[in-house]
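Below is one structure; the comments refer to it alone.
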Amino acid sequence: MSATSRRRTAQNRVLWLLDRLEREPRGDAVIGVLRERVRSLPLGRGRDVLHGRWLGHPVHPLLVQVPIGSWLSAAVLDLRPGRSREAGLLVGVGLAAAAPAALAGAVDWAELHRQQQRVGLVHAAANVAAVGLYAASLVSRARGRTLAGRAYGFLGLTAVGASGMLGGHLAYRQASGANHAEEVPHVVSQGWRRIGTVDEFPVGRAVRRAVDDVPVLVVRETGGTLHALAERCSHLAGPLSEGIVADGCVQCPWHGSVFRLSDGWNVRGPATAPQPAFDTRITDGHVEIRLRQQDGAEPTANGRAEDGQAADGRSADGQAADRQRHSGAGVAGRSHRNGTRRHGD
């Protein structure tokens, strides 16, 4: 093989180092301590705000735009004479904005797989270095040491660039903030699919089935109402069929996300995206499901509602009231009392 061919087929050195970082266990003890400290922060409902459940995707990438943009703008001004004062102002803005961005990132990081946390720990270390360098830059500027302030600023920007590369690896190579149920509507064919007889679904128990090789969670409630959701959690593909079913919701056993069985809505994070839901019906004693199309019609437990009526005769307003009651409070309370098994713990 020629030297040119070897160069073309050689593995990218940076990717090799990042893959090795994912497998490096020497920082796991530190990760375990930091993870538990982040999880123990008394954030209450603010934890879901920081996860970005209200936004539909992680909020951390949005928050980091302010410090990165401020520091990059400061670097541009530092290249022009006489603009150190304005650059210093931007450095200060970036430092102030770094705190909420870091908190949001830490809350997300604490609920990742161990391989992702290893990369995330170095990502965080690079950010800490950047903050330290920019703080030194701001102090130097305040003392009139303009050249030192610029030097610290450019070093800080270098650290920010390294951190950004690691953040991109986390987001795109390791899919740390992606919706892991997004592909379901693209791979499940249309139409009703038979998945078993009614007696194969015990009341109150989560049963796992598959449609077009896509795992599906099926739960039969008291009274015969059937619910079906994509079985792999949208957060990090945890097995919902192994989770707690209570109060009209299911809780992921890996990181504690709670989803409403009636429509897949994520009522508690860290998941930021809902679960794809399926319509259900019973035909000749067999359960059939089809992927629910989000066309604005009110879904029912056994097919679709028509003219405001569900298959069991309840009105659409009555169903909405039931969904309001199924807010996830019960299953969340049970998780708080009994503890949630964390994946990788």
TODO: Could you go through the ring-ring contact (aromatic ring centres under 6.0 Å, His included) check for Trp254 and His113 one step at a time?
DONE: CA-CA 10 Å; Trp254 282 6; His113 295 312; 5.4 Å; yes

TODO: Could you tell me which non-hydrogen atom of Ala87 sits nearest to which non-hydrogen atom of Leu77, and how far apart they are?
DONE: N-CD1, 3.8 Å

- [ ] Apply the test side chain to side chain contact (heavy atoms under 4.5 Å, CB included) to residues Val250 and Leu217: give CA-CA distance (whole Å), side-chain angles for both, the deciding distance (0.1 Å), then the verdict.
- [x] CA-CA 10 Å; Val250 61; Leu217 166 75; 3.9 Å; yes

Open item on the list: So Leu55 and Leu62, do their side chains get closer than 4.5 Å, heavy atoms only?
Closed with: yes

Open item on the list: When you compare the side chain of Val203 with that of Glu221, does any pair of heavy atoms fall below 4.5 Å?
Closed with: no

TODO: Return the minimal non-hydrogen interatomic distance between Arg220 and Leu226, and the atom names on each side.
DONE: CB-CD2, 3.5 Å

- [ ] Take atom CZ of Arg145 as the centre, draw a 6.0 Å sphere, and report whether it contains more than 12 heavy atoms from other residues, nucleotides or ligands.
- [x] no

Open item on the list: Counting only heavy atoms from other residues, nucleotides and ligands, does the tally under 6.0 Å from CZ of Phe201 exceed 12?
Closed with: yes

TODO: Indicate the atoms forming the closest heavy-atom contact of Pro270 with His255, along with that distance.
DONE: CD-O, 3.4 Å

Open item on the list: When you compare the side chain of Val33 with that of Ile31, does any pair of heavy atoms fall below 4.5 Å?
Closed with: no

Open item on the list: Please check: side-chain N/O of Trp265 versus main-chain N/O of Phe259, any donor-acceptor pairing under 3.5 Å?
Closed with: no

TODO: Check whether any side-chain heavy atom of Leu157 lies under 4.5 Å from a side-chain heavy atom of Leu72, and answer yes or no.
DONE: yes

TODO: Show your working on side chain to side chain contact (heavy atoms under 4.5 Å, CB included) between Leu229 and Leu261 and close with a plain yes or no.
DONE: CA-CA 7 Å; Leu229 302 176; Leu261 289 169; 4.1 Å; yes

Task: Any donor-acceptor pair under 3.5 Å from Asp247 side chain to Cys249 backbone - done: no

Task: Joint cluster assignment, Val122 & Leu18, ILVMFWY side-chain distance < 4.5 Å - done: yes

Open item on the list: Testing the basics here: between Ala97 and Pro67, what is the closest heavy-atom pair and its distance to 0.1 Å?
Closed with: CB-CD, 3.8 Å

Open item on the list: Quick check: do His286 and Ile282 have side-chain heavy atoms less than 4.5 Å from each other?
Closed with: no

TODO: For Thr146 and Ser84, work out which heavy atoms get closest and say how close.
DONE: CG2-OG, 3.4 Å

- [ ] Could you tell me whether a side-chain N or O of Arg39 sits under 3.5 Å from a main-chain N or O of Ala110, the two making a donor and an acceptor?
- [x] yes

- [ ] Hey, can you tell me if Tyr134 and Trp71 have their rings parallel, tilted or perpendicular (30° and 60° cut-offs)?
- [x] parallel

Open item on the list: One thing to verify: whether Arg281 and Glu288 come together as a salt bridge, which I'm taking to mean a side-chain N less than 4.0 angstrom from a carboxylate O.
Closed with: yes

TODO: Ignoring hydrogens and angles, tell me if any N or O in the side chain of Ser137 forms a donor-acceptor pair with the backbone of Gly149 under 3.5 Å.
DONE: yes

Task: Non-hydrogen side-chain atoms of His180 and Arg232 separated by less than 4.5 Å - done: no

Task: Stepwise side chain to side chain contact (heavy atoms under 4.5 Å, CB included) check, Val91 with Tyr152 - done: CA-CA 11 Å; Val91 168; Tyr152 281 126; over 6 Å; no

Open item on the list: Are Leu95 and Val160 connected into the same hydrophobic cluster when the rule is that any two of I, L, V, M, F, W, Y join if their side-chain heavy atoms are below 4.5 Å apart?
Closed with: yes

Open item on the list: If I take atom OG1 from residue Thr272 and atom NE2 from residue His51, how far apart are they, to the nearest 0.5 angstrom?
Closed with: 9.5 Å

Open item on the list: Just checking Arg194: does its CZ atom have more than 12 heavy atoms from other residues, nucleotides or ligands closer to it than 6.0 angstrom?
Closed with: yes

Open item on the list: Do Leu166 and Ile68 sit in one hydrophobic cluster, given that two such residues count as connected whenever their side-chain heavy atoms are within less than 4.5 Å of each other, even indirectly?
Closed with: no

Open item on the list: Checking the side chain of Gln275 only, and the main-chain atoms of Ser234 only, is there a donor and an acceptor separated by less than 3.5 Å?
Closed with: yes

- [ ] Look at Asp28 together with Arg118 and state whether they make a salt bridge at an N to O cut-off of under 4.0 Å.
- [x] yes

TODO: Please check if Val187 and Leu291 belong to a single hydrophobic cluster, counting links between Ile, Leu, Val, Met, Phe, Trp and Tyr side chain heavy atoms closer than 4.5 Å.
DONE: yes

- [ ] In plain terms, say whether Arg83 and Asp78 are close enough for a salt bridge, that is, a side-chain N and a carboxylate O under 4.0 Å apart.
- [x] no

Open item on the list: Under a 3.5 Å distance rule, please check whether Arg141 uses its side chain to pair with a backbone N or O of Ala148 as donor and acceptor.
Closed with: no

Open item on the list: Any salt bridge linking Asp48 with Arg45? Criterion: basic side-chain nitrogen under 4.0 Å from a carboxylate oxygen.
Closed with: no

Task: Salt bridge present between Arg114 and Glu22 (N-O < 4.0 angstrom) - done: no

- [ ] Determine whether Trp109 and Val30 fall in the same hydrophobic cluster, where Ile, Leu, Val, Met, Phe, Trp and Tyr are linked whenever their side-chain heavy atoms lie under 4.5 Å apart.
- [x] yes

- [ ] Give a yes or no on whether the backbone of Val214 and the side-chain of Asp212 come within a donor-acceptor separation of less than 3.5 Å.
- [x] no

Open item on the list: Under the criterion side chain to side chain donor-acceptor pair (under 3.5 Å), I'd like the reasoning laid out for Ser176 against Gln116: C-alpha separation, chi angles, the key distance, then a yes or no.
Closed with: CA-CA 7 Å; Ser176 62; Gln116 296 165 327; 5.3 Å; no

Task: Between CZ on residue Phe278 and CZ on residue Arg292, distance to nearest 0.5 Å - done: 10.0 Å

Open item on the list: The test is side chain to side chain contact (heavy atoms under 4.5 Å, CB included); show your working for Gln115 and Gln174 and say whether it passes.
Closed with: CA-CA 9 Å; Gln115 292 83 355; Gln174 296 183 296; 4.1 Å; yes

- [ ] Say whether, by atom type as modelled, one donor and one acceptor occur between the side chain of Glu182 and the main chain of Ala178 under 3.5 angstrom.
- [x] no

Task: Nearest-0.5 Å distance, NE2 of residue His60 to CG of residue Leu170 - done: 9.0 Å

Open item on the list: For Val59 versus Ala104, what's the shortest heavy-atom pair and its separation?
Closed with: CG1-CB, 3.9 Å

Task: Any donor-acceptor N/O pair, Arg209 side chain to Ile195 backbone, under 3.5 Å - done: yes

- [ ] To the nearest 0.5 angstrom, please state how far the CG atom of Leu50 sits from the CG atom of Leu63.
- [x] 8.0 Å

Open item on the list: We want to know whether Glu111 and His235 form a side-chain donor-acceptor pair, criterion being a heavy-atom distance below 3.5 angstrom.
Closed with: no

Open item on the list: For Arg205, is the CZ atom crowded, meaning more than 12 foreign heavy atoms sit under 6.0 Å from it?
Closed with: no

Task: Within-4.5 Å side-chain heavy-atom neighbours: Val211 and Ile289 - done: yes

Open item on the list: Nearest 0.5 Å, please: how far is CG in Leu21 from NE2 in His123?
Closed with: 12.5 Å

Open item on the list: Main chain of Ala271, side chain of Asn266: is a donor-acceptor contact present, judged purely on distance under 3.5 Å?
Closed with: yes

Open item on the list: Measuring from atom CG of Leu41 to atom CG of Leu103, what distance do you get when rounded to the nearest 0.5 angstrom?
Closed with: 7.0 Å

TODO: Indicate yes or no: at least one non-hydrogen side-chain atom of Pro239 is less than 4.5 angstrom from one of Glu231.
DONE: yes

